[in-house]
Amino acid sequence: MLAHPDAVYIDEGVDFLDLGRYTTATARFGLATMLPRRAYTSEVFQRLEDEKIWTRDWVCIGTAPEIPNALDLLPYTIGHHAIHVQRQPDGSLVGRFNKAQHGGCRAVPAQCRTGKKTKCSYTSCGYSRDREVIGGENLMEMTPQMGQFLGAIPERLLPVRIKTCGPLIFANIDPTLEVEWHAAEPEWDNDFIRVAGHWQEHRANWKIAGAALVDAARSAEAGGGAINHVTARWHFPNLVLIRSRSAILAIVLQPTAMDQALWRLSFFVRSDLPAVSYDAALTRFAPLLKLAVAKATTRQAEVEAALAAEPTETSRAGWEFNQALVERIGRLHASYWNAPLMRA
Ligand code: FES
């Protein structure tokens, strides 16, 4: 049962909760298709992802080195929910829902109602794109940011469970979760330090982007010798780690529309590497990223053009991801009702 048992996920006659819809996608790799085409284009499917993935799984939202100082705050929108992680004066990290879930705008902007996150000048609400890290110096007194993200008494905000794995921060907003960690934690060697990072946004659904990143890295792997060796792994749902001998590229995928995703990149190098060698260690990733962008945007266009049948799933990483996703769609969750119950 869904946490919201009255919710339906039907778009143009396609019921996304009907597991029969995914029969061809769960066939053997080589024979399997991609997910139903509208899984990459539909706002309704995006809402289903919120119900079945973003409010269930441990989601990577960024890295601890991005908020090094006391009170620094990292905003992140998980599905339709606006949260943040803040560095405390004792160095620990605390996760909470933002005070303003939908803050300054008078109404939900029209773009949001079509599944597109909008650029909002006020806050990182569930409908807007996230702003970048807010320095702790802007959160010491009742600044506008303090009001929108923390309010006067941050301790009263709804807490968010967070965990770290090396520098990676994961958040979980499942209202019913009691188990500690469902998925295998990514392996992390603490000898790596974060030296750079940026965001880039591309016109491809986040699921297509994940497969393209792994495929691009694997084709580079096939073409490189021992020195240029790279490996890639997609950690469900939204983290891709690409490793070379001396560097790691972590990509956090965040949907900003049905056909668009933000790629939040963090570059790490071995801590014993001299600073002059950083660029050389990271150059391996540039052509690979370019290839991934080309693959992802081309695939998105192909999916949108394929009106009759779903295209074959040519990416093994994409196929593996689809199996995990379909399994999530079929999961039953305890339902809850947040309206006060009354005795008749
Ligand atoms: S406060 Fe939500 S879009 Fe502006």
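One-based numbering, in listed order, for ligands and for the atoms of each.
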Does the separation of the ring centres of Phe268 and Trp188 fall below 6.0 angstrom?
yes
Give a yes or no on whether Asp279 atom CG has more than 12 heavy-atom contacts from other residues, nucleotides or ligands under 6.0 Å away.
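Result for CG/Asp279: open.
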Keeping waters out of it, list the protein N, O or S atoms under 2.8 Å from atom 4 (Fe) of ligand 1.
Cys105 SG, Cys120 SG
Donor + acceptor pair across side chains of Asn69, Glu137 (<3.5 Å)
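Asn69 vs Glu137: no donor-acceptor pair found between side chains.
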State whether a side-chain donor-acceptor pair under 3.5 Å links Ser244 with Arg284.
no
Pairs flagged by salt bridge (charged side-chain N to carboxylate O under 4.0 Å, His left out) wherever residues 195-208 is involved - sequence neighbours left out:
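For residues 195-208: Glu49-Lys207, Arg129-Glu201, Arg203-Asp259, Arg203-Glu304.
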Mind checking whether Val230 and Arg243 have side chains closer than 4.5 Å, heavy atoms only?
no
